[in-house]
Amino acid sequence: MAKHQAPRGMRDVLPPESDWWQWLVSRCREAAHRFGYREIRTPLVEHTEVFLKGVGEGTDIVEHEMYTFADRAGRSLSLRPEGTAGVVRAYVEHGMHTWPQPVKLYYVAEMFRYDRPQAGRYRQHTQFGAEVLGAAGPSADVDVLSLAVRTLQGLGLREVRVHLNSVGDARCRPGYLQAFRDYFQAYYDRLDEDSRRRLTTNPLRILDSKVEQTRQIARGAPRTLDYLCPDCRAHFDRVVRKLEVLGIAVEVDPLIVRGLDYYTRTAAEVHYPKLGAQSTLFGGGRYDGLAEVLGGPPTPGVGFGMGLERVLLVLEQEGLLPEVDASPRVFVCCEGEAWEDEALRVVDALRGAGLRAEGDLLDRSLRAQLRAASKAGARWAVLVGVPGTPAGEVILRDLRSGEQRVVRTEAVVGLVAREEEGGCARTGAGS
RNA sequence: GUGGCCGUAGCUCAAGUGGCAGAGCACCAGACUGUGGCUCUGGGGGUUGCGGGUUCGAGUCCCGUCGGCCACCCCA
C-alpha cells in the first residue's frame, strides 16, 4: 500500500472522472449565465467570526464541523463550510448595495466540513451555488430555485421535485417556536436522546428524526405553515404558484427545515432517494436577516447550494455521464534518432493547425509506437524516417482502414486537416 | 461523535476448519504480418493497509490503529 494517502474524506479526481467534472462544471456555469448570474470568487478561508455569526453558533456546522486554525499572527481563520456567509460578507464589504439591485451571483467552490465520511459525504466537497441579494419578493426565490432545478434537468435528470416549506420570519417564527417547544416538552419522556438535546439546541431538526416513536410524535407537531404571519403566508403561496407556472413539481413539505440560523421564509430541498442517507442534491432558501448580522444594511437574500459530488453520483447511476474523447487524432511515429527532429516539427505543426497530435516520448521501437498510437485511439499515424521512404516525404497511415500513402512532409498537415474536416462534417461531430 | 461490515498486485478477485501468496485484466518486452488491432511467449510488479499479540507456523485467530462502506448524527 502507498505510504501516503489523501486525508480522510478527501479524494483525488483522476481521468476520466476529471473530464466529467469539467463537463459538469461548465454546464452549471452556462446555466447560471443564462439566468443572468455572474461569478463571485471568495477566499477559501474567512475569519472564523464570519461563520460564527453567519451560520450560527448553535449549529452543528460551526460547533463540530469546521476546520479552524490560527494563522501566524494569531487570527482565527476557518475553511469555509458553506458558501453563503462568505458571499454576503463580500456583498457588505464591497458595498454591493450600491450596485443595480438585485445582485445575482453564483459560485462553484470547495467546501470543508469535518464530518464522518461516507459515500456522498466528504470532508472536502464542491458546491455549485447561487444567491440573489437585494430582492425580497417571491420572484427572487423562484429565480434561484428554478436555476437549480433547470440545471439538474439540463443534465438529464427527469424527476426533479422541489420540497418546499416556509419557516416564517422574525415576526411569526418566535410564536411558532414557542408552540413547537411546548408541544415536544409535553412528550419529553417519550423522546429519544438526540431529540431531547435538539429541543434546546436546534428544535426544528426534531422533525427530521429517524426514530420511529419520535416520528410519530412529530406527525402531530405544530407546523410552521399554520403559524405564518399574513406576509409570510402570501410570500409562500406565491412562490409555490410561480413554480407551478414553470411546470416545476412542488411538494409542500412541513418537515423541511434548515439547520442554519439565518434562514427565513422559504426553505427548499431536492432529494435523490437512491443515494441513501446522503440524498440531498441541493438545499436552499431565504436569509433576509443575514446581511445585517454581518454588519451590513438590511438586505434580503435567497440562494441554494448544490453538492456536485452527489450530482455526479446520480448521473453515474443513471448512465447520464457523457462519453469524453480524449484520444489524439494523429500520432507521429519516428524510426530512428536521425529523424527525431523532423518528427518533432511535424507534431508541432499538426498542433499548430488545431489538431490533437502526439509523438513518442519513450524512444520506443516503431512497432511499440504504432501499438501506443492504436491503443490511444488515434485515427492517423504519420511515420517519419521509415527506411525506403524518399527524402522529404513521410507515410500517412489511416489506422482505421490500414491504408497508407507516401506524401510530402510539408503537405501532411494539410492532408490530415482536410480529412478531419470532412470526417467531422460527415459524422456531424459535436452534439 | 456513536454502532456495524470490510481491507490480498495498478484494477476485479481467489487462497476448506491456521500450513510454500495466486488468477484474469492492465502495464512492459518479444514472436507472427514491411507497420498497430487478433493470437502466442515471456517479464516487471505484494512487508496480505499499518503496529502489536497468540502459535512450531498467521492473509486466516485476538487487540490497537489507519482507511473505505452502511446506518445514526449532520447535511450538499
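So you know, we letter chains A, B, ... as the sequences are listed, proteins then strands, and number each from 1.
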message = Quick test of the criterion, 5.5 Å between centres and less than 30° between planes. Is His125(A) stacked on A76(B) or not?
response = yes
query = In whole Å, what separates the C1' atom of C61(B) from that of U39(B)?
reply = 47 Å
message = Looking at C38(B), which nucleotide sits across from it as a Watson-Crick or G-U wobble partner, both distances under 3.5 angstrom, or is there none?
response = none
request  = Indicate, with a heavy-atom threshold strictly under 4.0 Å, whether Leu308(A) touches base, sugar-phosphate, or nothing.
outcome  = nothing
query = Distance between the C1' atoms of C63(B) and C56(B), in whole angstroms?
reply = 23 Å
ask   = Can you name the one residue among Leu396(A), Val412(A), Val332(A), Leu399(A) that meets side chain to side chain contact (heavy atoms under 4.5 Å, CB included) with Trp380(A)?
value = Leu396(A)
inquiry  = By nearest atom, which of the nucleotides U35(B), A29(B), C75(B) is closest to the Arg364(A) side chain?
reply    = A29(B)
query = Is the distance from OP1 or OP2 of C74(B) to the nearest side-chain N or O of Gln278(A) less than 4.0 Å?
reply = no
request  = Could you tell me whether the side chains of Tyr37(A) and Glu131(A) share a donor-acceptor contact shorter than 3.5 Å?
outcome  = no
request  = Select base, sugar-phosphate, or nothing to describe what Gly9(A) touches, counting heavy atoms under 4.0 Å on all strands.
outcome  = sugar-phosphate
message = Below the 4.0 Å mark, does G68(B) have OP1 or OP2 next to a side-chain nitrogen or oxygen of Arg11(A)?
response = no
Closest listed nucleotide, where the reference is the side chain of Pro117(A) and the choices are A29(B), G68(B), U35(B) = G68(B)
Identified pairing partner of U65(B), criterion: Watson-Crick or G-U wobble below 3.5 Å = G49(B)
task = Provide the distance between the two P atoms, one in U55(B) and one in G45(B), to the nearest whole Å.
result = 36 Å
request  = Could you tell me whether Tyr122(A) contacts a base, only the sugar-phosphate backbone, or nothing, with contacts defined as non-hydrogen atoms closer than 4.0 Å?
outcome  = base
query = Under 4.0 Å between a side-chain N/O of Arg367(A) and OP1 or OP2 of G36(B), yes or no?
reply = yes
inquiry  = Give me the distance, rounded to whole Å, that separates G16(B) from U12(B) when you measure between the C1' atoms they each carry.
reply    = 23 Å
inquiry  = Minimum heavy-atom separation for Leu383(A) and Val386(A), please, with both atom names.
reply    = CB-CG2, 3.7 Å
key: Heavy-atom donor-acceptor pair, Arg121(A) side-chain to C70(B) base, under 3.5 Å   = no
message = With hydrogens left out and only the distance checked, is there a donor-acceptor pair under 3.5 Å joining Arg8(A)'s side chain and the base of G68(B)?
response = no
key: Arg397(A) side-chain proximity, nearest of C70(B), U35(B), C75(B)   = U35(B)
task = In whole angstrom, give me the gap between the P atoms of C40(B) and U47(B).
result = 31 Å
query = Gly276(A) near the nucleic acid: base, sugar-phosphate alone, or nothing, with a heavy-atom cut-off under 4.0 Å?
reply = sugar-phosphate
message = Nearest heavy atom decides the nucleotide; on that basis, is Ile395(A) or Ile61(A) closer to the 5' end of RNA chain B?
response = Ile395(A)
query = Hey, is the side chain of Arg116(A) poking within less than 4.0 Å of OP1 or OP2 on C70(B), counting only N and O atoms?
reply = no
ask   = Are the aromatic ring centres of His33(A) and Tyr106(A) under 6.0 angstrom apart?
value = yes
message = Does either side chain, that of Thr126(A) or that of Glu309(A), offer a donor lying less than 3.5 Å from an acceptor on the other one?
response = yes
ask   = Looking for any heavy atom pair under 4.0 Å, which part of the strands does Ala373(A) touch: base, sugar-phosphate only, or nothing?
value = nothing
ask   = How far, in whole Å, is C66(B) from C50(B) if one measures between their P atoms?
value = 15 Å
request  = For the residue pair Arg150(A) and Gln153(A), confirm or rule out a side-chain donor-acceptor distance under 3.5 Å.
outcome  = yes
query = With nearest nucleotides of RNA chain B determined for Asp115(A) and Leu366(A) from heavy-atom distances, which residue corresponds to the more 5′ nucleotide?
reply = Leu366(A)
query = Could you state the CD-P distance from Gln404(A) to U33(B), rounded to the nearest angstrom?
reply = 17 Å
query = Taking Arg11(A) as the fixed residue, which of Glu17(A), Arg123(A), Gln124(A) is the one that meets the side chain to side chain contact (heavy atoms under 4.5 Å, CB included) rule?
reply = Glu17(A)
request  = Find the distance Arg123(A):CZ to C75(B):C1' and express it as a whole number of Å.
outcome  = 14 Å
task = Pick the P atom in U33(B) and in G49(B), then give their distance to the nearest Å.
result = 46 Å
message = For a quick check of understanding: with a heavy-atom distance under 4.0 Å over all strands, which category does Gly129(A) fall into, base, sugar-phosphate or nothing?
response = nothing
inquiry  = On the nucleotide C27(B), are OP1 or OP2 found under 4.0 Å from the side-chain N or O atoms that Lys375(A) carries?
reply    = yes
key: Inter-nucleotide P distance (C11(B), U48(B)), Å rounded   = 16 Å
